Amino acid sequence: MARAYDVEAIERKWQRLWEEEGTYQVDNDDPRDKYYALCMYPYPSGAAHQGHVRNYTFGDLAVRYQTMQGKAVLSPFGFDSFGLPAENAAIKTGTHPRVFTEARMAELKSSLIRLGAVYDWRREIWSHDPEYIKWNQVIFLKLWEAGLAYRQKAPVNWCPGCQTVLANEQVLADGTCERSGDLVERRELEQWFFRITAYADELLEALDDLDWPEKVKVMQRNWIGRSEGAEFDLVVEGNEDLKLRVFTTRPDTSFGMTYAVIAPEHPLLDALTTDPHRKEVEQLRQRASHETDIERMSEGDPAALGKRGAFTGTSVLNPFNGQPVPLYVADYVLMGYGTGAIMAVPAEDERDWAFATLHKLPIVRTVQPPEGWEAEGGGAYTGDGVKINSGFMDGLDISTAKARAIDWLEEQGIGERKINYRLRDWLVSRQRFWGCPIPAVYCDDHGVVPVPEDQLPVLAPDDVEFLPTGQSPLVNSEEFLLTTCPIDGGPATRETDTLDTFVDSSWYFLRFCDPWNKEQPFAPIAAQHWMPVDQYIGGIEHAILHLLYARFYTRALIDVGLADGVPREPFKRYLAQGLIRLDGSKMSKSKGNLISPEHYYETVGADGLRLFHLFVGPPFDDMDWSDQTDQLIEGCGKFLDRLWRACTEVVPAREGPEALSDADGGIRRVVHRTIADVTRDLERWSYNTAVAHCMELLNALQRYAREDVGVHQEVWSEALGALLRLLAPLTPHVTAELWEHLWPGDPSVHLQRWPEYDPELVRQDTVTMVIQVNGKLRDRVEVDADISESDAEAVALASEKVAAVLNGGSPRRVVVRPPKLVNVVV
RNA sequence: GCGGGCGUGGCGGAAUUGGCAGACGCGCCGGGUUUAGGUCCCGGUCCCCGCAAGGGGGUGGAGGUUCGAAUCCUCUCGCCCGCACCA
């Protein structure tokens with residue numbers, strides 16, 4: 001397509017200029033109000049695809065818009081450059097991950113520059129930079145010292161494909177690895193953990209005040225999984241010294257406990273199993289430990305539930321009524337949650353109901369189900385109702401009964417109120433090479449010892465062999481492995497595990513505030529200045545992992561004294577940008593279904609492509625890249641062509657100072673209305689309607705220019721000036737070029753202030769009043785904007801259309817909403 | 001199963017608080033410019049009846065609240081996302 005202007009030349013020209021002049025560099029002592037705009041720093045997978053284009057278009061819009069609003073905008077960029085793909089590539093090709101990674105970084109960086117996205121590149125950080133590694137390790141030591149990092153043997157998720165341990169968050173619902181798709185196994189290993197659970201309550205409560213998508217907040221709430229209830233002891237019948245502790249969220253149902261269940265991994269299982277049942281119990285235990293999560297969770301099938309439980313031969317006493325109930329072992333009870341044992345109340349719990357039915361265990365209702373419940377099939381009733389069969393709780397509602405039951409347990413000294421979380425501590429050890437080494441050494445005499453800060457960073461050596469052995473090359477590197485104990489100087493070995501890359505991304509936004517700091521990860525005063533991030537942008541795939549870790553880490557850094565005075569919530573507003581699908585699946589490097597922007601840079605330019613991404617729909621909606629997409633993009637190119645011609649072609653103008661005609665006044669009102677609309681739209685992320693309003697303005701200007709009398713020069717200039725400024729954050733190159741063309745010598749459009757509207761001109765003198773009969777549109781009348789209620793009614797009743805319907809009669813009722821509407825009810 | 005969201009022309013999508021449904025764009029139709037195609041310019045385009053004026057219907061479906069519902073409520077169908085034995 002022939003363009004109205006040389007897209008490529010103009011865009012390159014301005015990109016060079018922004019970089020040379022450092023237009024978007026900001027210093028920490030900048031006196032303007034601060035604004036921190038940030039796109040999630042990317043894993044460098046190579047040249048940008050449309051997903052990146054969309055992401056960085058939104059980010060760049062925020063940077064440029066806020067700059068024009070007079071803010072000092074921090075717009076940094078960096079790379080999440082540690083990670084598995086580079087290491088896998090190294091195993092395959094023998095090329096060092098650094099070489100591989102840095103080549104990908106260069107590709108992505110150049111794509112972004114070509115997109116016209118602007119950053120303060122002086123602040124660029126890479127997670128594999130020795131400087132960054134050092135501060136990462138310093139932070140680790142501080143957390144360790146504060147007890148927020150610890151080492152523990154624990155059953156962990158082991159991915160045989162990746163040959164590493166995974167965080168719970170990286171195991172999918174079907175028990176497979178989110179990255180390789182392999183079935184994850186359980187293993188008992190010594191691993192490093194971060195104590196995120198210490199922050200469970202705060203992380204949960206602080207969600208309420210965040211300006212984040214509700215959906216993401218709900219996901220985090222569910223992930224943290226707070227549940228309130230009670231913990232209490234069940235005494236073993238015939239052995240008063242042996243007690244089994246259980247957790248329940250329904251202490252009100254305690255009278256309905258007809259059996260209890262213990263997890264197969266429970267330490268007391270052995271002691272609680274009687275000899276006649278030992279064989280069966282042992283079988284179940286064996287199977288549970290070997291079964292993958294997938295098999296273990298083949299849920300919904302009651303027969304399976306039956307097979308997966310066995311009687312221990314022991315009975316425990318229900319403390320509420322003193323009755324003995326049988327104790328079962330079943331793998332539907334998890335050792336990792338609560339106490340690893342439950343009281344089972346089949347009448348009010350669906351799983352217990354299924355299990356009880358199968359094992360022919362008694363069922364006692366403690367909540368009166370509604371009328372007809374049994375007739376409709378019965379089953380466990382988990383709804384509201386009145387307590388029955390419950391001794392001192394009879395007649396109470398559920399929530400009162402809960403409180404009463406807990407009070408009773410506390411009075412008896414057998415239990416107490418208890419809050420449990422689903423959230424587990426964050427396992428951060430990874431048996432990989434291409435990550436930040438964990439700064440610890442193992443000494444025979446002193447155990448695990450921190451590497452002193454003055455010996456940091458601990459860096460992995462380069463001359464290692466990348467072999468598909470399933471172990472980190474570090475394990476086979478004597479140079480790395482063998483060291484001395486920091487305490488006694490004796491022989492010691494280094495920790496060969498590296499940190500989960502999510503650790504790197506949990507504080508990079510803080511380092512951006514002060515990336516040059518040689519003394520500390522960042523100066524708290526710098527982070528105080530820029531934080532929180534005012535606008536965070538990135539994919540919703542990080543709704544739980546990254547966003548939760550970063551929220552935790554920021555708090556932890558404050559609490560260990562590395563970030564005094566920094567706000568505890570790092571991301572004030574978060575835009576979860578929609579993903580782009582091609583042929584029904586997400587556009588991504590790993591799927592290989594990419595559409596490169598390069599071709600469009602030649603046809604409609606970065607401006608045209610950016611405009612398309614903004615215009616196609618709301619930024620948080622997913623979009624399908626379809627057959628029609630190229631036509632939409634071309635349409636955006638055409639709009640920019642029309643803009644170009646409107647600004648460059650000679651428009652006949654009237655000479656000399658002259659009173660404004662109606663048309664002149666009208667166009668001014670449209671201009672100011674548009675400023676108001678676009679400003680509001682950009683503030684509320686309604687980028688698509690902002691573009692639409694700009695298109696409408698251009699349409700109006702072209703109609704105005706076509707009129708025979710010629711344009712009023714000042715009105716025309718004001719209009720073009722406003723339109724160019726409104727579009728500057730959206731299509732930065734062409735607007736900069738046209739601004740320079742119209743006002744040579746003036747500072748660039750990007751250095752101009754965002755246009756302001758004149759409220760006088762936005763205010764409407766007359767409006768179209770809608771006249772309805774029985775809620776149906778019948779007529780429209782131009783009326784004064786400040787028309788009175790009685791005048792509005794009179795005007796409406798005077799309408800011919802209304803008169804025709806009334807036919808001489810009088811209306812039953814007239815609803816008057818001046819000046820917009822009158823509804824005549826007959 | 002639980003939780004959240006969505007459903008509007010041929011398509012992407014608009015519609016501050018319940019108040020003109022379909023802005024803007026794509027596509028399509030017609031016209032102009034052009035040797036021609038493309039570009040560019042003008043006009044039309046929710047559906048039905050009608051030459052028109054005009055009328056009727058219409059926001060997945062069925063009810064309801066209201067003077068008035070795409071918007072609120074109930075039920076229902078369909079799709080998408082998240083979680084999934086968490087006691």
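Everything numeric in this text was worked out from a predicted model, so none of it was measured. Letters go in sequence order (proteins before strands), and every chain restarts at 1.
A:R245 and A:E416 are joined by a salt bridge, as a carboxylate oxygen and a charged side-chain nitrogen come within less than 4.0 angstrom of each other. Between A:D624 and A:R581 there is a salt bridge, with a side-chain nitrogen of the basic residue lying less than 4.0 Å from a carboxylate oxygen of the acidic one.
Taking 4.0 angstrom as the limit, A:N222 places none of its side-chain polar atoms (N or O) nearer than this to OP1 or OP2 of B:C86.
In textbook terms, a nucleotide whose glycosidic angle is within 90° of 0 is syn, while B:G68, being further out, is anti.
Closest contact between the side chain of A:M695 and the listed nucleotides B:A87, B:C24, B:C40 involves B:C24. If you check B:G27, B:C81, B:A87 against the side chain of A:T248, the one that comes closest is B:A87. For A:A692, the listed nucleotide lying nearest its side chain is B:C24; candidates were B:G27, B:A84, B:C24.
B:C11 sits 30 Å from B:G64 when the P atoms are compared, rounded to a whole Å. B:G57 and B:A69 are spaced 13 Å apart, taking the P atom of each and rounding to whole Å.
Listed by chain and residue number, A:R3, A:A4, A:Y5, A:R645 satisfy the side-chain contact (heavy atoms from CB on, under 4.5 Å) test with A:D641 (two or more places apart in sequence, or in another chain).
Side-chain polar atoms of A:E228 and A:T249 form no donor-acceptor pair below 3.5 angstrom.
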Practice problem: If a protein heavy atom is under 4.0 Å from the base, mark B; if only from the sugar-phosphate, S; if neither, -; do that for nucleotides 44-49 of chain B going 5' to 3'. | Solution: ------

Exercise. Could you encode protein contacts along nucleotides 6-15 of chain B as a string, one character per nucleotide from 5' to 3', using B for base contact, S for sugar-phosphate-only contact and - for no contact, with a heavy-atom cut-off of under 4.0 Å?
Key: ----BBBSSS

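You won't find any donor-acceptor pair under 3.5 Å spanning the side chain of A:E214 and the base of B:G4, going by distance alone.
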